[in-house]
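Step one of this worksheet: look at the structure below.
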There are 2 protein chains.
Amino acid sequence: MYFSVMKSTPLIAHFETYLPFEEVEISLIESRISRRKLKRREHLLVNGDICRHYTFVVKGVLRLYGIDPSGKEHNILFAAENDWIYDITSFHEAKPGESNIQAIEPSEVIQIAQQDLYHLYVNIPKLDRVFKVITEEKYVELQNRVFQNISSTAQQRYTYFYEKYPNLATRLPNTQIASYLGITPEFLSMIRKEMVQGKTKK
Amino acid sequence: MYFSVMKSTPLIAHFETYLPFEEVEISLIESRISRRKLKRREHLLVNGDICRHYTFVVKGVLRLYGIDPSGKEHNILFAAENDWIYDITSFHEAKPGESNIQAIEPSEVIQIAQQDLYHLYVNIPKLDRVFKVITEEKYVELQNRVFQNISSTAQQRYTYFYEKYPNLATRLPNTQIASYLGITPEFLSMIRKEMVQGKTKK
DNA sequence: TTTTACCCTTAAACTAGTTTAAGAAATAGG
DNA sequence: CCTATTTCTTAAACTAGTTTAAGGGTAAAA
């Protein structure tokens, strides 16, 4: 087994959940990606940077967050194993963005630089289809979240998050979850207390 | 000028804002679409239906909305001229969905049925690229909306909506806008009153 | 091991948004 | 042009969520 194959296997395996790839395509993809380790709290992108990479998470959890005019951070999304994270606006416009990407846990990622991705799109048109589907999947998740945000109480939103992402719900600090749900950590603490009391009362 | 060209021009023009198309490709696309008129309040899709079409708005405004457990409607998105509307979850899974699509104004749309769209993807691979980009654009909009929802007050969200979609903000009834923002029409009325007073006080 | 920084909880006072109800204004459509 | 229906507004009482502040628990790092 070649080391280069070892290195990128998780990404190829991810692509192959969508479509099969030829050996020569796999080699081309592998020649255009790079691997990187991140310490806890290390930033991959900060406000004002241009996002020049698609980032695939091999191990760990990262967050994409924005900062509001008053300086508060708000989590837009989390990405754990086998998920993608990037500031899509900054990436496509190749302009400085307003988002930040940070490792919450020590993490390991695979990155594809912009020009490499475009090179891959040209040489492996199938990848247009794959990323079309990936983006559609992420669009669905986001639309469900918008529906939650406009139709539910904080308690319902937390329950939905807890049921949909049990892994993240137990793995992440509550401060991070509160920021994602759009509530204060204090109020999340209250919600959790009420939920536990509700259960034990039975 | 052929009638068939007349008929579908707005959709082809829309595609050509992304990539150029050959005559033969245009003919193929035109052979696979259909045009439809909708009365005010007419539904294109209701809860429990399978969404079998991508719908492109030629004229008018439509809304995609969901219904919460208590029976209240919540607007997930609006689509006006040159925009797309469909229940993406139901469409891709070909399963009954929980969304509804309704014309707010008398409207005119162009539809592509699922099997026709797949036929077009196979014969015009460029369309994978086009819909990848369209979905990315819509993802960006949705992500901005999520950020608004978790980081802003209702007043800020309304201001953002008003500035970003001035056409919709003046064209739609406030009840529809309130439903989209996740607030009651009464509270939107208060916000608008305060904003006008704020302005005239100067 | 000790310290430091982070994280979680509780509670009281406050602010943002909802509900209910009733009347006024605007609009679609016969 | 008229009427029915929808839409918008106001206000008072209510509920959901925030803020501030203080204290305790826990994990990382020196």
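Values below: every heavy atom of this structure, side chains too, minus hydrogens, waters and symmetry copies. Below, chain A is the first sequence line, B the second, and so on; all start at residue 1.
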Measure from [atom1] on [X] to [atom2] on [N] and round the result to the nearest Å.
| X | N | atom1 | atom2 | value |
| --- | --- | --- | --- | --- |
| Arg41(A) | dA29(D) | CZ | C1' | 12 Å |
| Asn174(A) | dA27(D) | CG | C1' | 15 Å |
| Leu172(B) | dT6(D) | CG | C1' | 15 Å |
| Glu42(A) | dA28(D) | CD | P | 17 Å |
| Arg40(B) | dT6(D) | CZ | P | 8 Å |
| Glu194(A) | dT9(C) | CD | P | 13 Å |
| Gln176(B) | dC8(D) | CD | C1' | 14 Å |
| Glu105(A) | dC7(C) | CD | C1' | 15 Å |

Point to revise | Note, Ile29(B) side chain near Ile12(B) side chain (heavy atom, < 4.5 Å) | key: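 Sidechains of Ile12(B) and Ile29(B): in contact.
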Identify every side-chain donor-acceptor pair in residues 75-82 of chain B under 3.5 Å, counting partners at least two apart or on other chains, and give the distances.
from: Asn75(B); atom 1: OD1; to: Arg63(B); atom 2: NH1; distance (Å): 2.8
from: Asn75(B); atom 1: ND2; to: Gln176(B); atom 2: O; distance (Å): 3.0
from: Asn75(B); atom 1: ND2; to: Gln176(B); atom 2: OE1; distance (Å): 2.7
from: Glu81(B); atom 1: OE1; to: Arg171(B); atom 2: NH1; distance (Å): 3.0
from: Glu81(B); atom 1: OE1; to: Arg171(B); atom 2: NH2; distance (Å): 3.4
from: Glu81(B); atom 1: OE2; to: Gly60(B); atom 2: N; distance (Å): 2.9
from: Glu81(B); atom 1: OE2; to: Arg171(B); atom 2: NH2; distance (Å): 3.0

Using a 3.5 Å cut-off and no angle test, enumerate the donor-acceptor pairs between side-chain atoms of residues 37-52 of chain B and protein atoms at least two apart in sequence or in another chain.
from: Glu42(B); atom 1: OE1; to: Lys39(B); atom 2: N; distance (Å): 2.8
from: His43(B); atom 1: NE2; to: Tyr65(B); atom 2: OH; distance (Å): 2.6
from: Asp49(B); atom 1: OD2; to: Val46(B); atom 2: N; distance (Å): 3.0

**Study point:** salt_bridge(Glu136(A), Lys132(B)) N-O dist < 4.0 Å
**Key:**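 Judged by the 4.0 Å cut-off on N to carboxylate O distance, Glu136(A) and Lys132(B) do not form a salt bridge.
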Check your understanding: What string of B, S and - do you get for nucleotides 11-20 of chain D, 5' to 3', when a contact is any protein heavy atom under 4.0 Å?
Key -> S-----BBBB
Review point. Does Arg145(A) make a cation-pi contact with Tyr180(A) (under 6.0 Å, within 45 degrees of the axis)?
Key: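 So Arg145(A) does make the cation-pi contact.
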**Study point:** Selected nucleotide, minimal atom distance to Thr175(A) side chain, candidates dT7(D), dC8(C), dT9(D)
**Key:**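 Comparing dT7(D), dC8(C), dT9(D) against the side chain of Thr175(A), the answer is dC8(C).
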Point to revise | Atom pair CD (Glu73(A)) and OG (Ser151(B)), whose distance is rounded to the nearest 0.5 Å | key: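 The OG atom of Ser151(B) is 12.5 Å from CD of Glu73(A), to the nearest 0.5 Å.
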